[in-house]
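Working notes, structure below.
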Amino acid sequence: MKRVYPVEDYCMGCGLCEVACATEHSKSKDIVKAYKEEAVTPRNFVERKEYLSYSINCRHCEEPSCIEACITGAVDFDEDGRVLIDQARCVACWSCIMACPFGVIKRDTVNNVSTKCDQCVERETPACVQACPNRALIYEER
Amino acid sequence: MTTIDAKGVYYKQLNEQIKEAVANGAKRIKLTNVMGQYYIADGITGDASIEIEGVPGQDLAAFMNGPTIVVKNNAQDTIGNTMDSGKIVIHGLAGDVLGYGMRGGKMHILSDVGYRVGIHMKSYKEKVPVIIVGGNAGDFFGEYMAGGVLILLGINPVREEMPICGDYLGTGMHGGVMYIRGKVDIDRCGAEVGLDKLDAMDKKLLKRYLEDYCKDFDLDINEILKEEFTKVYPKSKRPYGTLYCY
Amino acid sequence: MLYKSFVDSFSDYIIDRNEDKCILCRICERQCSYEAHGFDKKNSVMTKQDHKCICCRRCEAMCPTGAISIRENPSQFKRNSNWTASHRKNIYKQAETGGILLVGMGNPTGKQPTYFDRMLLDASQVTNPSIDPLREPMELRTYLGRKPDRLEFEEKDGRVSLKTKLTPQLKLEYPIMFSAMSYGAINYNVHVGMARASQKMGIYYNTGEGGLHKSLYPYGANTIVQVASGRFGVNAEYLNVAGGIEIKIGQGAKPGIGGHLPGEKVNEEVSRTRMIPAGTDALSPAPHHDIYSIEDLRQLIYALKEATDYKNPVSVKIAAVHNSAAIASGIVRAGADILTLDGYRGGTGAAPLVTRNNVGIPIELALASVDQRLRDEGIRNHVSIVVGGGIRSSADVVKAIALGADAVYIGTATLVSVGCTLCRMCFTGKCPWGIATNDQSLSKRINPDIAEEKLSNLIRGWGLEIKEIIGGMGLNALESMRGSRHRLRGVGLSESELDILGIAPAGK
Amino acid sequence: MFYEKDISGCGLSGFIDKSKKRVSGEEIIKSIALQHDRGNGLGGGFAAYGIYPEFKDYYAFHIMYDNMNALATTEELLHKDLLVKHYEKIPVRRTLKIPTHPILRRYFVKAKPSEEEYELLDIESLDEDDFIVRLVMRINSEVKGAFVFSSGKNMGAFKGVGFPEDVADFFKLDEYHGYIWTAHNRFPTNTPGWWGGAHPFTLLDWSIVHNGEVSSYGINKRYLEMFGYKCTLFTDTEVVTYILDLLIRKHKLSKELACKVLSSAFWKDIDNMDDIDQKVNTALRMVYGSALLNGPFAILFAYKNGLIGLNDRVKLRPLIVGYKGDRVYMSSEESAIRIIEPDLDTVFAPKAGEPVIVEFEAEA
C-alpha cells in the first residue's frame with residue numbers, strides 16, 4: 001500500500017503541507033475561506049526542533065491501535081487498507097487519540113469528532129505531497 | 001636500498017624512476033648526483049624513505065603523502081608545498097616559501113630558511129604539520145598561518161649577525177602556534193598575533209617536537225632548551241571579522 | 001532610528017501584506033532568515049520590519065495565498081544623479097563601521113555595456129541552407145585541452161593509426177560547465193546537484209577552492225578541482241580523483257584580491273573538506289605565495305602534472321583585466337592546457353564593492369583580444385579557452401563561442417536555476433533560498449534531486465537552443481562556430497570596440 | 001575590412017586520365033557547357049594539368065592585371081625573386097561574349113631567393129614551394145590590381161567573367177591538351193563578376209572547383225591565418241585550397257585523412273568505431289575542428305598526381321562519378337559525363353563525406 005513518507009533531510013518546515021491539507025478537507029476548497037470562515041484543522045502537522053523538521057500524519061498501520069480502541073467501530077480499514085474514521089459514528093470519546101502511538105489523530109474542535117489523514121482518498125496524490133515544494137513528502141509503496 | 005643516479009637526468013624521467021621504484025615496493029631509495037631537479041617525490045603516497053645527495057630543486061615533496069626525505073645538503077625553494085604527511089629532513093639551509101599550505105607531516109631544517117616559510121599551514125584534527133628551523137628565518141614567517149606548529153631556534157645560522165626572524169612575523173595568522181627561541185620583538189610581528197610565555201602544555205609539546213628534531217641532527221636538546229622560548233599565537237580565529245560592512 | 005542604525009532607518013523595500021488574504025499560517029515568518037516577518041501572538045497578527053527585508057522574495061513565493069508583495073520603497077532621497085542613493089547609503093554604512101563595503105554576486109549597476117547584447121547572430125538564407133536540428137545530426141561535443149599543431153599518423157598492417165600522443169582532454173557533450181563555486185560558499189546539496197547533473201549531461205563542474213567532499217569522489221570524472229591560494233582541501237587524492245585541475249589565479253568579480261570565507265560558514269563538514277578547524281575564517285591570500293612570477297606558475301602547473309602523472313589537464317583561471325592577452329600568452333607558454341577567463345560581470349559570494357564595481361574588463365572584450373592574440377602568435381591550438389562572467393543565456397554562449405571560446409562556465413545562471421533570486425547577500429550565510437548557506441535549517445531548502453533535475457534541464461534547454469541557432473547558420477558541428485566572428489555583427493558599438501571584438505557592424 | 005564573403009552557387013565537372021594520356025580541352029568544354037543553367041554568366045573557369053610539358057619543371061604563373069601599373073610592380077617582384085625562364089601573353093581569341101578582359105600574362109619560373117630570403121627560409125625550415133606560396137600571397141594581398149590565377153608546375157588555371165564555354169573559347173582551350181581537366185560554372189549572388197573570383201582557385205599545383213557555400217568560412221579563415229595564409233578573396237573556395245595545402249603539403253596528412261578533416265565523421269559514428277579508428281577520428285576533430293568544412297559543398301580537387309572528388313558530411317550538394325577505362329569522370333550531373341562518354345563502365349554517387357581519390361597509375 002502506498003503511504004506518505006516524510007524526508008527529514010529536505011523538510012524545511014514551511015508548513016505548506018498543513019495549509020494544503022486543511023484546504024483540501026475544507027468545504028470551500030479555498031485557502032482563504034477555509035482558514036477565515038471554516039476554522040479547519042489540518043490533519044498533518046510539522047514537527048520542528050532547531051534545524052530538524054518533518055511533516056507527520058497517519059501511518060495507516062497494518063495493525064492499528066486506533067481501530068482496536070474505537071468503541072463504536074467508527075475507525076476502520078477501507079478496501080485499499082487505509083485507516084479511516086467515519087465521523088458520523090464518532091462519539092468523541094477520544095479513545096483513538098489516546099491509543100495512537102504516533103499522536104497523529106486530532107480533535108476537530110468545530111465538529112467535535114476525531115480527525116486524521118485519509119490520504120485524500122479522492123486525489124491521485126495526497127494534497128500535502130503535491131504541495132511540498134521540496135519533495136520532502138513522498139507518496140509511494142515501500 | 002635502490003640507488004638512482006640522477007646525473008644529467010631531467011626531472012620528468014627522474015621522477016618516473018622514483019615512482020616506478022616506489023610502485024615496485026622499494027622502501028629505501030637513494031638519489032645520487034641530484035642537481036636541481038624539480039618535483040622530487042611529488043604526490044607520492046606510502047612509507048618509502050628517500051635519501052638525496054646533491055641539491056634538490058623546487059617543489060620537493062609537493063603534495064607528498066607519507067614518505068620520508070632526507071637531504072644531505074642544502075635545498076632550494078617551495079619544499080613541502082601543500083604536503084599532506086611524511087617527513088623532510090634537510091641537513092643544511094633551505095629557501096623561500098617552505099611548507100606553503102602544508103597540512104601534515106614534519107619538516108626539519110638544520111640551518112636557515114628564507115622568506116615566507118610556513119605560509120598558510122593548516123591543521124585538521126590529528127593532522128598537525130610541524131616545521132622546525134635550526135637557523136634564522138626571513139620575513140613573513142608563518143604568514144596567514146591557519147594551523148600547525150612552527151619552531152624557530154636560531155642556533156645554526158649561516159650569518160650570526162642576522163636577527164632570528166624577519167619582519168611581519170605571523171601576519172594574518174589565525175590558527176596554530178609558533179615557538180621561537182629567545183625574545184621576539186612585537187614590533188616585527190603582524191597585528192594579528194600575540195606573544196606569551198610557554199605554559200606547561202606548550203613546554204611538553206615543544207620538548208616532544210625537539211626530541212625528534214635533535215635525533216635527526218644529533219643535537220643536545222638540553223642545550224637548546226636552556227634559553228626561554230616565546231610563544232606566538234593568533235589573537236583570533238577570525239582576524240578580519242570586522243573588516244567589512246554591508 | 002529607534003534601535004536601528006542610521007542607514008537601516010531608510011528601508012530599501014516595503015513588505016506589503018494583504019490582510020484580507022493572510023491566513024496567519026506564519027510560513028513567511030518561518031521562511032524569512034532575516035527575521036523581517038514576525039507574529040504577534042497576543043493580538044494574533046503578523047508583523048513586519050521593512051528595513052530587514054533584502055528582497056529575496058522567498059516569503060512572496062512561499063505564501064500560499066499570494067498575500068505578500070515586496071516592493072521598492074518609493075520614498076526617495078532628494079534626487080541627485082551624481083550622488084545616487086547608493087552612494088549616500090554606502091557612505092552612511094562606512095561612517096558607522098569604518099569597514100570595507102561587502103557585496104555578493106555580479107555588478108548590478110548596468111553602467112558598463114553588456115557587449116553580448118550589442119552583438120547579433122547570423123542565419124542562412126538560400127545560398128547555404130539552414131539545417132533542421134530536430135531531424136539532422138547536430139554536434140556540440142567539445143574537447144578541452146592542449147592540441148598539437150598537427151597530427152602524425154602511421155600505417156601498420158594496412159591500417160592507419162594515430163602516432164601523435166595527445167595530452168589529456170576533457171570531453172564535454174555541451175560546451176557549458178558549472179563554474180567554480182566552493183563548497184562552503186555554497187552548500188553541499190548544491191554541490192551534489194551540480195555533480196550529478198554534470199555526470200548525467202556529460203559535462204563538468206568546478207569545485208571552487210573549498211575542496212571536494214569525499215562523498216562526491218564518485219563524480220570525480222566530471223569534476224574539475226581547483227587549487228587556489230588557500231590550498232583548501234588540496235592533496236594528492238583530491239588532485240587524482242578529478243578529471244581536470246584548475247589553478248585559480250583570479251576571479252572576474254574581484255580581480256587581484258583573495259577571498260575570505262567567514263567563520264560562520266565553516267561548519268563541521270566544510271571544515272573536514274577544507275581541512276581547517278570549524279569556525280575559523282578560511283582566508284585565501286591574494287596571490288599564490290609560490291607564484292610571484294610566470295616561471296613560478298609554470299612550476300606549479302608542472303608540480304600538479306607530476307603529482308597526477310600527467311593524466312589531468314591543468315587549467316589556469318584569471319580575471320579579465322587590461323592586459324589579459326599578454327598574460328594569456330604567458331600562461332599558454334607556461335604549459336596550461338586550458339585557459340579560463342572570468343569577466344567583469346562575474347558573480348561571487350563576497351567581494352569588496354569597490355573592487356567588484358571598478359576592477360576588470362567585460363569578458364567579451366577580454367575573450368576577443370585573447371583569442372586574437374593567441375592566433376597572432378600561432379598558439380591558439382595549444383590551449384582551450386573557457387570563459388565565464390556574465391553568461392546569461394544560450395545566446396551568450398553562442399556569441400562567446402563565435403568570439404573564440406571553446407566552452408563557457410556558468411555560475412550565476414547555475415544558482416539562478418536552483419532558485420537564486422540575486423538578492424546579493426550571499427556573504428551573510430543566511431541565504432533564504434538555501435544556496436549560499438551552510439546553516440542546517442536553510443541548506444535543507446535545496447533538495448539535490450530537484451537541483452540535479454533543474455541543472456540538467458537548463459543544460460539540455462540551452463543545448464537545444466544552441467543547436468537551433470547554429471543549425472540556422474547551416475552548421476552541424478559546434479567547431480565550425482568556434483571563433484567564427486564572421487557570424488557576428490555589432491550594433492551601437494564604436495569603431496574601436498568593433499575592432500577589438502573583430503566583428504563588422506550590422507548591415508555591413 | 002571585415003569578412004565580406006562572396007556567395008555563389010554553381011556546377012562543376014572534371015576528369016582524369018590515369019594513364020596520363022593528354023586530352024584536348026574540347027571534351028571538358030562540352031561537359032561544362034551542358035550545365036549552362038547552373039551558372040549565370042558571371043564566372044567560368046578551368047584547370048588543366050599536363051599542358052606545359054616543355055616547361056614541366058617550372059612553376060607556371062598565370063597572372064591577371066587590372067592595369068599596366070600592377071603589371072610593372074608585379075614583374076619587378078617576379079624578376080627580383082624568380083628566375084623567369086619564359087614569359088608571354090596568354091593567347092586569347094576575341095569574342096563578342098567576352099567584351100572586356102584584364103591583362104593576362106604567364107611566366108615559367110624557378111625560385112631565386114635573395115641571400116637574405118634564403119637565410120629566412122632556412123631559419124624557418126621552409127622550401128621552394130613555401131617561397132612560391134609566400135610570393136603568391138604577397139602579390140595577391142599587396143599588389144593592387146594583380147592577381148595570380150595559378151602557380152603550379154605543368155598546369156594552369158583559365159578563368160573569367162562569362163559562361164564557361166565562352167571563357168574557354170576566349171582562352172582557346174580547345175588548343176590545349178591535358179590529362180586532368182576540371183571546370184566550373186558559377187552563379188554568384190552578391191558580387192559583381194570579377195575575373196579573379198571565378199573558379200578554380202589554386203595554390204601551387206592544387207586547384208579547387210567548388211559547388212556550394214561553406215558555412216564555416218569565418219573560422220576556416222581565422223584558422224588558416226594562424227598558419228600564415230592570407231585569405232584575401234573573400235571566398236570559401238580559397239579557404240578550401242589553403243586548407244588542403246596546409247593539411248597535405250605542410251602537415252603531411254594523407255589525402256584520405258585530409259578529406260576526413262574537411263568532411264569529418266559524426267561523433268555517434270566515431271563512438272562506435274574500434275579503438276584505432278576512434279583515436280584517429282577523434283584526434284582529427286579535436287585538432288583540426290577549425291578546418292572542418294561545414295555546410296553544403298561538392299569539390300573537385302586536382303593536383304599533380306590526381307583528382308579527388310568530395311562532398312560534405314550530410315551531402316547537401318550532388319556529385320556523380322563515372323568510370324570508363326583509364327578515365328574517371330566527376331561532375332554535378334550525370335548528363336555532363338554522358339555527353340562526353342555515353343558508354344560508362346560504372347556510375348555511382350559517393351556517399352556523404354566519402355572521398356573519391358584517383359591517382360595516376362605509374363608515377364613518373
Are [X] and [Y] side-chain neighbours, meaning at least one heavy-atom pair lies under 4.5 Å?
X       : Y       : result
Y302(C) : Q58(B)  : no
D84(B)  : E237(C) : no
C245(B) : L102(C) : no
Y240(B) : L283(C) : yes

Is atom [atom1] of [X] surrounded by more than 12 heavy atoms (other residues, nucleotides or ligands) closer than 6.0 Å?
X       : atom1 : value
Y115(B) : OH    : no
K311(C) : NZ    : yes
K204(B) : NZ    : no
Y11(B)  : OH    : yes
R28(B)  : CZ    : no

Answer with side chain, backbone, both or neither: which region of [X] has an atom nearer than 4.5 Å to a non-hydrogen atom of chain B?
X       : value
E264(C) : both
S284(C) : backbone
A278(C) : backbone
F232(C) : both
R274(C) : backbone

Run F63(B) and L239(C) through side-chain contact (heavy atoms from CB on, under 4.5 Å) and show every step you take. CA-CA 9 Å; F63(B) 314 108; L239(C) 299 173; 3.8 Å; yes
L300(C) side, atom CG; D59(B) side, atom CG - distance, nearest 0.5 Å: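 One gets 7.0 Å once the value is rounded to the nearest 0.5 Å.
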Going from OG1 on T82(B) to NE2 on H288(C), what distance comes out if it is rounded to the nearest 0.5 angstrom?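 NE2 of H288(C) is found 9.5 Å from OG1 of T82(B).
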So which residue, T78(B), T242(B), L243(B), ends up with the most heavy-atom pairs under 4.5 Å with chain C?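 Max contact count across the listed options: L243(B).
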Look at S123(B), G147(B), P239(B), P234(B) and state which one has the largest set of heavy-atom pairs under 4.5 Å with chain C.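 Between S123(B), G147(B), P239(B), P234(B), the count favours S123(B).
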Just by distance, do the side chain of [X] and the backbone of [Y] share a donor-acceptor pair under 3.5 Å?
X       : Y       : value
K19(B)  : E306(C) : yes
Y39(B)  : Q299(C) : yes
R231(C) : H120(B) : no
Y100(B) : S229(C) : yes
K125(B) : M275(C) : no

Return all side-chain donor-acceptor pairs below 3.5 angstrom for residues 291-298 of chain C, not counting sequence neighbours, or 'none' if the list is empty.
unit_1  : atom_1 : unit_2  : atom_2 : d
Y292(C) : OH     : R116(B) : NE     : 2.9
Y292(C) : OH     : H289(C) : ND1    : 2.4
S293(C) : OG     : E295(C) : OE1    : 2.5
S293(C) : OG     : E295(C) : OE2    : 3.4
D296(C) : OD2    : Y292(C) : N      : 3.0

Looking at chain B, which one of L353(C), D309(C), V103(C), T308(C) has the largest number of heavy-atom pairs inside 4.5 Å, strictly under?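 When all of L353(C), D309(C), V103(C), T308(C) are compared, D309(C) has the most.
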Flag the one option from V7(C), L304(C), N240(C), V227(C) with the top tally of heavy-atom pairs under 4.5 Å to chain B.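 Sorted descending by pairs with chain B, the first entry is L304(C).
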Check for me whether K93(C) meets the cation-pi criterion with Y246(B), that is, NZ or CZ under 6.0 Å from the six-membered ring centre and within 45 degrees of the ring axis.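 Not flagged: K93(C) not positioned over aromatic ring of Y246(B).
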With a 4.5 angstrom heavy-atom cut-off, is it the side chain or the backbone of [X] that approaches chain C, or both, or neither?
X       : answer
E143(B) : side chain
Y144(B) : side chain
N65(B)  : neither

Nearest atoms (heavy-atom pairs only) where G43(B) meets A307(C):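 It is CA-CB, 4.1 Å.
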Show, in sequence, the C-alpha distance, side-chain angles and deciding distance for N235(C) and M83(B), and conclude whether the side-chain contact (heavy atoms from CB on, under 4.5 Å) test is met. CA-CA 7 Å; N235(C) 58 26; M83(B) 170 175 155; over 6 Å; no
Test side-chain contact (heavy atoms from CB on, under 4.5 Å) applied to R238(B) and T280(C), step by step: CA-CA 6 Å; R238(B) 310 206 37 205; T280(C) 45; 5.9 Å; no
Any salt bridge between D281(C) and K237(B), counting N to O under 4.0 Å?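 No, D281(C) and K237(B) are not salt-bridged.
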